[in-house]
Amino acid sequence: MDWELFWSSLWPIVRGGFVGTIPLALSSFALGLVIALAVALARISRNRLLQAVARFYISVIRGTPLLVQLFVIFYGLPSIGLTIDPWPSAIIAFSLNVGGYAAEVIRAAILSVPKGQWEAGYTIGMSRSLTLRRIILPQAARVSVPPLSNTFISLVKDTSLASLILVTELFRESQKVAAFSQEFMLLYIEAALVYWVFCLVLSTAQSRVERRLDRYVAH
Amino acid sequence: MDWELFWSSLWPIVRGGFVGTIPLALSSFALGLVIALAVALARISRNRLLQAVARFYISVIRGTPLLVQLFVIFYGLPSIGLTIDPWPSAIIAFSLNVGGYAAEVIRAAILSVPKGQWEAGYTIGMSRSLTLRRIILPQAARVSVPPLSNTFISLVKDTSLASLILVTELFRESQKVAAFSQEFMLLYIEAALVYWVFCLVLSTAQSRVERRLDRYVAH
Amino acid sequence: ACSSGGGDSSGGAGTEPEGLSLDAVQDAGVLVVGTEGTYRPFTFHEGGSGDLTGFDVEIVTAVAEKLGVDVEFQETQWDAIFAGLESGRFDVIANQVSINDEREEKYDFSEPYTISPGVLIAPADTDITSFEDLEGRTTAQSLTSNWYEVAEGFGANVEAVEGWAQAVELLRQGRVDATVNDELTFLDFEKTEGADDLKVVAETEDASRNALTFRKGSTDLVEAVNDALAELRADGTLAEISEKYFGADVTQ
Amino acid sequence: MSPTDPAAGAVLTARGITKSFDGQRVLDGIDLDLERGRVLTLIGPSGSGKTTMLRSLNGLEVPDAGTLEVGGVRVDFAGPVTQRTRDTLRDRSAMVFQHYNLFPHRTVLQNVTEGPVLVQRRPRAEVEVEAEALLDRVGLREKRDSYPFELSGGQQQRVGIVRALALRPQLLLFDEPTSALDPELVGEVLAVIKELADEGWTMVVVTHELSFARQVADEVVFLDGGRVIERGAPAQLFGAPRQERTKRFIERLTNPL
Amino acid sequence: MSPTDPAAGAVLTARGITKSFDGQRVLDGIDLDLERGRVLTLIGPSGSGKTTMLRSLNGLEVPDAGTLEVGGVRVDFAGPVTQRTRDTLRDRSAMVFQHYNLFPHRTVLQNVTEGPVLVQRRPRAEVEVEAEALLDRVGLREKRDSYPFELSGGQQQRVGIVRALALRPQLLLFDEPTSALDPELVGEVLAVIKELADEGWTMVVVTHELSFARQVADEVVFLDGGRVIERGAPAQLFGAPRQERTKRFIERLTNPL
Ligand SMILES: Nc1ncnc2c1ncn2[C@@H]1O[C@H](COP(=O)(O)OP(=O)(O)OP(=O)(O)O)[C@@H](O)[C@H]1O
Ligand SMILES: Nc1ncnc2c1ncn2[C@@H]1O[C@H](COP(=O)(O)OP(=O)(O)OP(=O)(O)O)[C@@H](O)[C@H]1O
Ligand SMILES: [Mg+2]
Ligand SMILES: [Mg+2]
């Protein structure tokens, strides 16, 4: 094990995490949640067409490799005259991807809120959308934290694909060092360690959020 | 769009799915479920050490990229004298991976079975393990089908990484054609379509299983 | 017997595979070759899903024949190719590996079997006329090729890509200004795909020298391979293979 | 804190209310009448349609046929029923649920003020003052900042009642308000409901507590199979039921063994 | 189908049973005695420890101190209690739960036969014959192949009772067996329990159904705060409670309003 290389490459890799992986993951996740919420609502709406569109979207996103989704957006769209820069392309692709996976999570969470909560909202005169916003979603949020944090952890690692469309992030940095030093195994393991540390931090954050949301839930 | 290329390459890609992707995914998933069950049981056991080991395993598997897991097993282990053939390596890596993700799903499913079911088992004289086997797991199975099928669908796509360790599967076949014809985008999309069809079939199978297990569950 | 061929012939389990001896290869009766299989015209599948073929494939096959052993190919991606060599998954890499200082420190190389200059490729209407013009421009380069350093050396912003196909795509979409690659790749591309919208604006002084790559310490094997290459050069086989793929002799 | 309009008159008139689920007729031509300030008790075996009827009054369920007049709003279910109509129905009445259905993520006070502030758009300060007074009445002023899970079942149901009262509805609907409670907690909730009845609130109560119905109800209606089998003053219906089915039902409740 | 050993003698002797949860003392030195063939009823407010006491008898909970003798097995909780001891305790008694806790993925017959066949290792054929006879007794023979969700609450609880009976325990434990039931379904379950009592089964019943306790119990024990406040024959305890707390509790149950 070449410790000197390990230590000298650690900072570039971690920096790649801070300037690439993390901002990319955070912004895509935030945007992805918005998409997911919209798609989940479409899935449970009474409008058949909306339902079908949402189902199709989810099926395509989950049924095809993320790599291909990235490629189509970055290398494919220019052929119909739409050329998008690397970062926006990556954010679009990842947030569409998160949207597809998280939609099902959010939908399940909404459905897990007891029907009586809807009725309690209605009986105090709330409309469907007001009930959803004030009564149902806050409760659904609690249920969806663990599965959504899984989605987020996967996303963090998936962002390594962004290097394919010219976004520099953690994994790319380790590949650069690997390419020059020829120490592929060492650098891959080093990148894995950095990912792992990031994920450990995220898991801790997740438990925090869970505990905070648990506040008002019966034991 | 080069339709001739599309059609002529369809069979090699689909065949790659049948001889590579699907057997790899199925066998890894089966093995992975066994691992996951063991890890989930360790997680909920009263033995602190077992708990800690299980938690560590899950954390490493979920916190590090699958690519690195594959690399370490195939290219890393030989340095400690353990050389494993490509297929077994792939199956080991993928089933360890599934084991980490599915363990949490199975654990959550076991915990979702009402405590009263354990007590009903105990009161008719069953031991902890008999209750688990006869009473709890059959009920947990129902709850875990949807999230496990997500894990499986992800696995199907993740098997594309197996080509890194000399296993030929769907995605590799499409890359071969792409390299020859230089039609990368077309072939990527074609591979995505084939994955999508596979996933659609799997989703249908999932609904079937769910409906069968629903038989004895209240509406 | 696939990967174990490499494993067995490495001898001595329990440690990182040492250099490989000619005896070991001849005892095994097979030379296990690592190659991408997706890098035309050097290593690719005929028709996309047919047999593995290509310039490097034919050369290494001819070398094996001279050594009196069979050849067996293991296909993997570039990312894994050196790991595969080091871990004994295969005996030699035949994949246009160019010789540089870092690699020479870690591996043994045969005599080069391709020598080609690097070319600077840009859109037909470019205002770039020399490598010096790369200063402040953007190029697309594969991380793992020596052209990455060349472009960087002239002050270009380098976008790392996976390979030639992506580089061309970026060039055509106007997302980068130029790309440096070896002449052979461009010649093949021009011949098969057509490249009227692109042009070669400059050539490097130093040629890239690409060779078969072995684990460090494979001294007698490398010598035998060099003898074989010399014989193949002498009897015209190398030139013949080269003509077939490039219409020119690129082996010297 | 008292019914909004104390003048007399019909608050509820239902005629021929009919409703099917999956081809199964659950309500089969129900007529109900209720004057302002009076208490109607619905009793009947499980599945007889009590909850469905109550939900229809609150616009939570849309009957297939019949007409309904609640607090001056008239709806004919023969025609299509718009969301607006359902909303208007809902404005006239408020429901108290068997399982309380408090909002678990809101404090007691927020549970109570949510409707008046957000839906009725009354000023928050005014609503809070009123809400506290109502909570005080049911003995829960000091719980205003607690979350529902911190309360016993009886306390939760009292909050449920206050939440309904705070909307100042013309009609209060109770669906088995005590049947999810521990037996010793039943009393505290029934006491609150009785007080409201004494005070002149108009209400429909589905209950299995016959002694409560006897004391509080002006009229008892016995449902079975989605039809009104018998109706009358509690003394008459409990003491001398005319129908065999009523008799058997009451017998079974008062003397389970 | 009748208690395994009809000879007289103590089936249950509990002395000083004490149990804390998180430092909170939930059982505080409970003594109980029960002779073969007799029925003991436990009553008391919510949280008084009734369920915890019952679970301790069945080995589902391990007290911190005290001694227990059930059907000849003696356990001293001062020392460590092995899993084997808990298992033996469990063999002596069988529990019927408030929420039935039937196995949802097993048919009615399978629910009943699971214990005798898998745990007691009796021949399946014999067990099935006995199980059917038991189901017949509670009027559910024709439901043998139904799944629990296809049954009403009252039917499910009757299956729960049969499941316990099929184990031929020396002691039957009932934890509020009817409090999750619709009021009109309470009767059918209480009737079955009464029949078992008449037949000579030894049992401990936690219940809020005072009229049932009056008819069936040989002794009533009133718990509050983890202590026995008062015990006696039902006529005495319900008719003329000596303790103020008992009186208030009974008052509240019989006359909620
Ligand atoms: N949303 C629904 N879909 C289908 N069937 C329903 C629905 N709501 C109620 N039912 C059926 O309508 C019938 C009447 O139900 P309802 O809840 O009104 O009875 P209930 O008198 O309130 O009974 P309980 O005393 O058990 O509450 C039942 O058979 C029930 O299964
Ligand atoms: N596993 C547990 N962990 C912590 N506290 C517990 C546990 N089980 C019971 N308790 C507490 O012990 C006390 C007695 O509970 P128990 O269930 O025995 O009362 P109960 O008399 O059966 O009440 P109820 O009539 O509501 O069923 C309660 O305060 C309860 O919260
Ligand atoms: Mg009802
Ligand atoms: Mg209890």
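Every chain is numbered from 1 and lettered A, B, ... according to where its sequence line falls, protein lines coming before strand lines.
- Under the 4.0 Å criterion applied to side-chain N and carboxylate O atoms, D:Arg252 and E:Glu188 are not assigned as salt-bridge partners.
- With respect to E:Glu219 and E:Arg38, no salt bridge is recorded, no charged nitrogen being found less than 4.0 Å from a carboxylate O.
- Contact annotation for D:Glu176: neither backbone nor side-chain heavy atoms come within less than 4.5 Å of a heavy atom of chain E.
- Neither the backbone nor the side chain of D:Ser179 comes within less than 4.5 Å of any heavy atom of chain E.
- E:Arg163 forms a cation-pi arrangement with E:Phe103, by the criterion of a distance under 6.0 Å to the ring centre and an angle within 45° of the ring axis.
- A salt bridge is absent between E:Lys143 and E:Glu150: the closest approach of a Lys/Arg side-chain nitrogen to an acidic carboxylate oxygen does not fall below 4.0 angstrom.
- Of the listed residues (E:His208, E:Glu209, E:Gln215), the one with the most heavy-atom contacts under 4.5 Å to chain D is E:His208.
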